[in-house]
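Let me begin by presenting the structure, written as structure tokens, before commenting on it.
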Amino acid sequence: MSSDILLPLSSHTIGPFFPPRFFAKADNDLTRISRDAPPTTQGTRYILVGTVMKEGRVPVPNAILELWQADAGGRFRHPLDPDCEQADPDFLGWGRDWTDLSGRYSFRSVLPGGYRDGTTRRAPHANLTVMGAGLMRPVSTTVYFPDFPAENAKDAVLKMLPDSARSRLVATERPREDGARVFHFDVLLRGSPEDETPFFQD
Amino acid sequence: MTDWQPPNRWPPLPEGVQPAVPIDGYPNTWTFTPASPPYSRPLTRTEATGPLELWRKLPCGDNNLAVLAPGKIALGQFIRISGRILGEDGRPVPGAIVELWQANTAGRYAHSHDDSKAPVDPHFLGHGRVFSDETGGYTFFTIRPGAYPVPVKDTWWRPPHVHFSVVGPSSLSRLVTQMYFPGDPLNDWDRILNSIHNPTARMRLVARQLHPAEVGDAFLAYQFDIVLRGALATPEA
Ligand SMILES: [Fe+3]
């Protein structure tokens, strides 16, 4: 490894003009590894829906969201995962959506598994990144599921938050739709300390 | 498989490399930017990994924005933008998704939200997507974008710039940024570029012009290398 460490590039806003033609119908469907691939057969299907809002709980249209999560067994198809070889070959773990005029987004995926990382435990979760015209840097948060209160209480990342903020990162369950469980998760980009979505930096 | 393990925390960027927000005169930054500082989190596998075969999901290959077909040629100054996607250690990052979009020569985007009075160019595509090759390299052929005024009360003109979005091998390396052109006087007035207070970091967003002795006379050529944070986690090829 060279001793010359290069400076990473600075972030800028994605602006209001991210090309709509960059989006295709299956981009927000994590169960498909490509646009025409059949969906993976592993795991429990869920749909994640919510609204992105700015200050004053005003919905934000045209925000871009990306979801990244482990497969149903808690594995990533990436060499940094020791169980990489066992990861679901039909699951890429990544999806992108953009909000409609009412600020709404949706993803389709399979419930991620939790995992142990060294001495650290991670509850089932999905990392959600939001980009938008007034955001000079993407913001990143983590979605948890109400099925796993015991795992959530021990999660290494959720534990970084004060007790009062943790529940804001746990999605709420809604009636099933289209053969899938439905979870609801709103993102409030800017608000009071009591209602702003907690964001993370790495 | 690699023996390299990500650290529990990634070193923070030096002061002034990330934009100072909110930005005076850019009203949206005052209503979108979180009011509370972000929480630091330990780096676990979810943050250290990312999609390695994203080209399977996002079709790549459109890298000529200026010539769509014979006779369908964009107006403007032909340019080539090329460079390498690198980790902080200078190692190339192959397989990164590189998305580029920009205004046409008149300063207008091919986007329904752009209500500028500048003309649309039907022969200008305005966006392209490739993935970086084995040496981390990428190339786009396009035209030099025009400047455009920002529709806010205390207006200013955005200098000619090109938007980039890069999805690298880890969540940490996700980058959205903009490239600028050397020597444009509007660069000095741009509220967005100048929100980067570290002068070295700010200059890194300005592309380097290549001499025609190197690249010929078919286009003006610019080099723009993109260094990603967290790409040290890239497995050895
Ligand atoms: Fe722009």
Side-chain angles (χ1 to χ4, degrees), chain A residues 1-2 4-22 27 33-35 54-55 62 68 70 76-81 84 92-94 115 117 120 122 125 127 129 131-139 156-157 160-161 189-191 193 196 198-202, chain B residues 1-2 6 10 13 17-19 21 28-29 31-36 38-54 56-57 86 88-90 99 101 109 111 113-114 126-127 163 165 171-172 174-178 192 195-196 200-201 204-205 226-229 233 235:
Chain A
M1 189 176 290
S2 157
D4 299 327
I5 296 299
L6 303 173
L7 191 61
L9 285 197
S10 311
S11 291
H12 264 13
T13 173
I14 202 162
F17 304 128
F18 189 73
R21 283 166 68 184
F22 275 160
D27 287 359
I33 199 161
S34 69
R35 284 171 186 180
K54 59 181 179 177
E55 192 172 68
N62 206 24
W68 171 245
F76 295 95
R77 289 186 65 75
H78 191 287
L80 285 178
D81 191 321
C84 173
L92 198 63
W94 188 94
Y115 60 84
D117 189 344
T120 302
R122 296 304 314 270
H125 66 279
N127 276 9
T129 300
M131 291 155 274
L135 281 173
M136 285 297 291
R137 300 168 65 170
V139 292
V157 170
M160 306 307 292
L161 302 185
L189 294 171
R190 187 181 180 90
E196 185 175 290
F199 297 106
F200 296 102
Q201 70 181 4
D202 301 303
Chain B
M1 186 59 70
T2 174
W10 206 259
L13 290 174
V17 172
Q18 290 295 28
V21 287
N28 273 347
T29 60
T31 53
F32 284 69
T33 307
S36 298
Y39 294 92
S40 285
R41 65 180 165 195
L43 196 61
T44 68
R45 284 207 276 283
T46 319
E47 293 75 38
T49 61
L52 293 184
E53 296 179 323
L54 195 47
R56 295 176 70 170
K57 196 167 185 83
L86 302 168
E88 285 149 292
D89 58 349
E99 295 173 309
W101 66 104
Y109 285 87
H111 193 293
H113 289 208
D114 190 349
H127 64 272
H163 294 261
S165 165
S171 307
L172 268 172
R174 184 74 179 91
L175 177 72
V176 178
T177 193
Q178 298 175 26
I192 291 181
S195 73
I196 310 300
T200 309
R204 297 280 301 288
L205 297 180
I226 295 175
V227 179
L228 301 181
R229 190 163 173 261

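So you know, we letter chains A, B, ... as the sequences are listed, proteins then strands, and number each from 1. Note that the structure is predicted; figures quoted are calculated from it, not measured.
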Can you see which heavy atom on A/Met131 is nearest to which on B/Arg174, and at what distance?
SD-NH2, 3.6 Å
Between B/Gly90 and A/Leu6, what is the shortest heavy-atom contact and its length?
CA-CD1, 3.6 Å
Any side-chain to backbone donor/acceptor pair from A/Trp94 onto B/Gly50? Under 3.5 Å, distance only.
no
May I ask you to decide if A/Ser11's main-chain N or O and B/Gln18's side chain share a donor-acceptor pair within less than 3.5 Å?
yes
Turns out that what part of B/His113 lies under 4.5 Å from chain A's heavy atoms comes down to both
Under 4.5 Å from any heavy atom of chain B - which part of A/Phe76:
side chain
Only one of A/Pro20, A/Pro19, A/Pro16 passes side chain to side chain contact (heavy atoms under 4.5 Å, CB included) with B/His111, and that residue is A/Pro20
Contact part of B/Ser165 toward chain A, heavy-atom cut-off under 4.5 Å: side chain, backbone, both or neither?
side chain
Salt bridge check: are A/Asp202 and B/Arg41 linked by an N-O gap of less than 4.0 Å?
yes
For the residue pair B/Ala35 and A/Gly191, what are the closest heavy atoms and their distance?
CB-O, 3.9 Å
Taking B/Gln178 for its side chain and A/Thr13 for its backbone only, find out whether a donor-acceptor pair lies under 3.5 Å.
yes
What option among B/Asp114, B/Leu172, B/Thr200 has the most heavy-atom pairs under 4.5 Å with chain A?
B/Asp114
Structural part of A/Ala70 lying under 4.5 Å from a heavy atom of chain B:
neither
For the residue pair B/Ala48 and A/Leu80, what are the closest heavy atoms and their distance?
O-CD1, 3.5 Å
Heavy-atom contact with chain B under 4.5 Å, split by part of A/Gln201:
both
Could you tell me which non-hydrogen atom of B/Glu53 sits nearest to which non-hydrogen atom of A/Leu92, and how far apart they are?
O-CD1, 3.9 Å
Of the backbone (N, CA, C, O) and the side chain (C-beta and beyond), which part of B/Leu175 lies under 4.5 Å from a heavy atom of chain A, both, or neither?
side chain
Return the option, out of A/Phe17, A/Phe200, A/Tyr115, A/Phe18, with the maximum number of heavy-atom pairs under 4.5 Å with chain B.
A/Phe17
Do you know which of B/Thr44, B/Thr29, B/Ile196, B/Leu205 has the most heavy-atom pairs under 4.5 Å to chain A?
B/Thr44
Quick check on the interface: out of B/Ile226, B/Val21, B/Leu86, B/Leu54, who has the most heavy-atom pairs with chain A under 4.5 Å?
B/Leu54
Partner chain B: residue of A/Thr129, A/Val139, A/Leu161 with the largest heavy-atom pair count (under 4.5 Å):
A/Leu161
Spacing of B/Arg229 atom CZ and A/Leu9 atom CG [to the nearest 0.5 Å]:
13.0 Å
Would you mind telling me which of B/Thr31, B/Val17, B/Asn28 has the largest number of heavy-atom pairs within less than 4.5 Å of chain A?
B/Thr31
Side chain of B/Ser36, backbone of A/Pro193: donor and acceptor closer than 3.5 Å?
no
A/Thr120 portion near chain B, given a 4.5 angstrom heavy-atom threshold:
side chain
Which heavy-atom pair separates B/Thr177 from A/Ser10 by the least distance, and what is that distance?
OG1-O, 2.8 Å
Can you tell me if A/Arg21 has over 12 outside heavy atoms packed within less than 6.0 Å of its CZ?
no
Contacting moiety of A/Met136, where chain B heavy atoms sit under 4.5 Å:
both
What residue, out of A/Arg190, A/Glu55, A/Met160, has the most heavy-atom pairs lying under 4.5 Å from chain B?
A/Arg190
Parallel, tilted or perpendicular: which one describes the rings of B/Trp101 and A/Phe22, with boundaries at 30° and 60°?
perpendicular
Quick one: what part of B/Ser40 sits under 4.5 Å from any heavy atom of chain A, side chain, backbone, both or neither?
both
